[in-house]
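Just below is one structure, and these are the notes that go with it.
Letters go in sequence order (proteins before strands), and every chain restarts at 1.
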Protein chains: 2
Amino acid sequence: MGNYIEGMSSEHLERKTRPADSRRRGESVTEVEEHDLPRQAWTLLFELMHAHMRNFPALAAEFELSPVQAHVLRQLGEAPLAMSTLANYLSCDASNVTGLVDRMEARGLVERRSSEQDRRVKMLVLTDAGAALRERLLERMAEPPEAIAAMGDDDLRALRDIMRRALKPQ
Amino acid sequence: MGNYIEGMSSEHLERKTRPADSRRRGESVTEVEEHDLPRQAWTLLFELMHAHMRNFPALAAEFELSPVQAHVLRQLGEAPLAMSTLANYLSCDASNVTGLVDRMEARGLVERRSSEQDRRVKMLVLTDAGAALRERLLERMAEPPEAIAAMGDDDLRALRDIMRRALKPQ
DNA sequence: TATTGTTATACTCTATAACTATA
DNA sequence: TATAGTTATAGAGTATAACAATA
């Protein structure tokens, strides 16, 4: 992982027509644009996020964390997490989590604890130092980028409400 | 880079108050919420993007590209690009670009061409195969995630217009 | 037998430092 | 001297495969 942050120029999408198999014939330009609405919105969103995500490795480095370690710290909240669950969350093979946790444990951020129910399983818990660093990291990550900070209140309210609806379960 | 895609639970931010140094005394809950608007909107946006970005390495792998190679392919549009410019765009050291371009060149996606003006500089250009792969990649990246595709037209139009304003230069 | 976590191995990405060839 | 790109080296992240302990 890493910078894995990524973007896409809106120029590309806004100049392209839809793929032929989804194109309806005989519709006006306005209708075409309406049909492409999800694509248009997504592309612009992507562009804004990409510009910001380029800075994520540097942000993690402020806390002497690799990008992946920063993700793990964010994910490890109150509840203990099995190694396999973390691997699943990171979308990576379980073998990678061993070394990742080794490094974070060596630094005193997390601890492995054998599960009582199933002694194959090792649960990860934050140490006090890990929890403290996590709070600082989350505060830092919550700082909005310039493009957001500069928006007017009306747009911010609308954006917040749209995102709440989009993220609402179901 | 990589997965570098990342997120943050809205739970965290929405339960926290602002840092003490920016907190005004004697204001109502509503005023506090208004003051936190950029943070609220940003956190929700971040959550949506993070959920999607976890899939970026898998998306790149559909084209047998690493996440970083996918970024490079996206960035290498029509115009040739100096190695140093690419390093700057990737926010990484120039030494990394050498190996990165080596691998993409070995695969026939890009070519190095010495600059006429300054023979220290090497310009990167896409091969025909590279340009064709880039088109397919961009099409794939433009597919909106479920959370966007499921939104209503009113929200999509509002989101698109808000993002256009936010991304507008100046 | 199946699953959890580990180890071994290999490749990619990343940084720093020293080098070259140009400028 | 300064800059663009390379090479050497080291460490982190990733995957696959084989393994031990446990279920």
Between B/R113 (side chain only) and B/M123 (backbone N and O only), is there a donor and an acceptor less than 3.5 Å apart? no

Can you pull every protein N or O that's under 3.5 Å from an N or O on nucleotides 20-23 of chain D?
residue	atom	partner	partner atom	Å
D/dA23	OP1	A/R119	N	3.1

Rounded distance (Å) that lies between atom [atom2] of [N] and atom [atom1] of [X]:
X	N	atom1	atom2	result
B/L100	D/dG5	CG	P	13 Å
B/M104	C/dC11	CE	C1'	16 Å
B/R103	C/dA10	CZ	C1'	13 Å
B/R112	D/dA4	CZ	P	16 Å
B/M83	C/dT20	CE	P	19 Å
A/L65	D/dG11	CG	P	19 Å
B/D93	D/dT7	CG	P	14 Å

Linking directly or through intermediates, with side-chain heavy atoms under 4.5 Å: list the remaining ILVMFWY members grouped with B/V125, chain and number order. none

Can you tell me if CZ on A/R112 sees more than 12 non-hydrogen neighbours from other groups inside 6.0 Å? yes

Within less than 4.0 Å of OP1 or OP2 of C/dT14, is there a side-chain N or O belonging to A/S66? no

Which residue, A/Q69 or B/T85, contacts DNA chain D at a nucleotide closer to its 5' end, judged by nearest heavy atom? B/T85

Would you call A/R164 and B/E47 a salt bridge, using N to O less than 4.0 angstrom? no

By nearest-nucleotide position on DNA chain C, the 5'-leaning member of B/S95 and B/G99 is B/G99

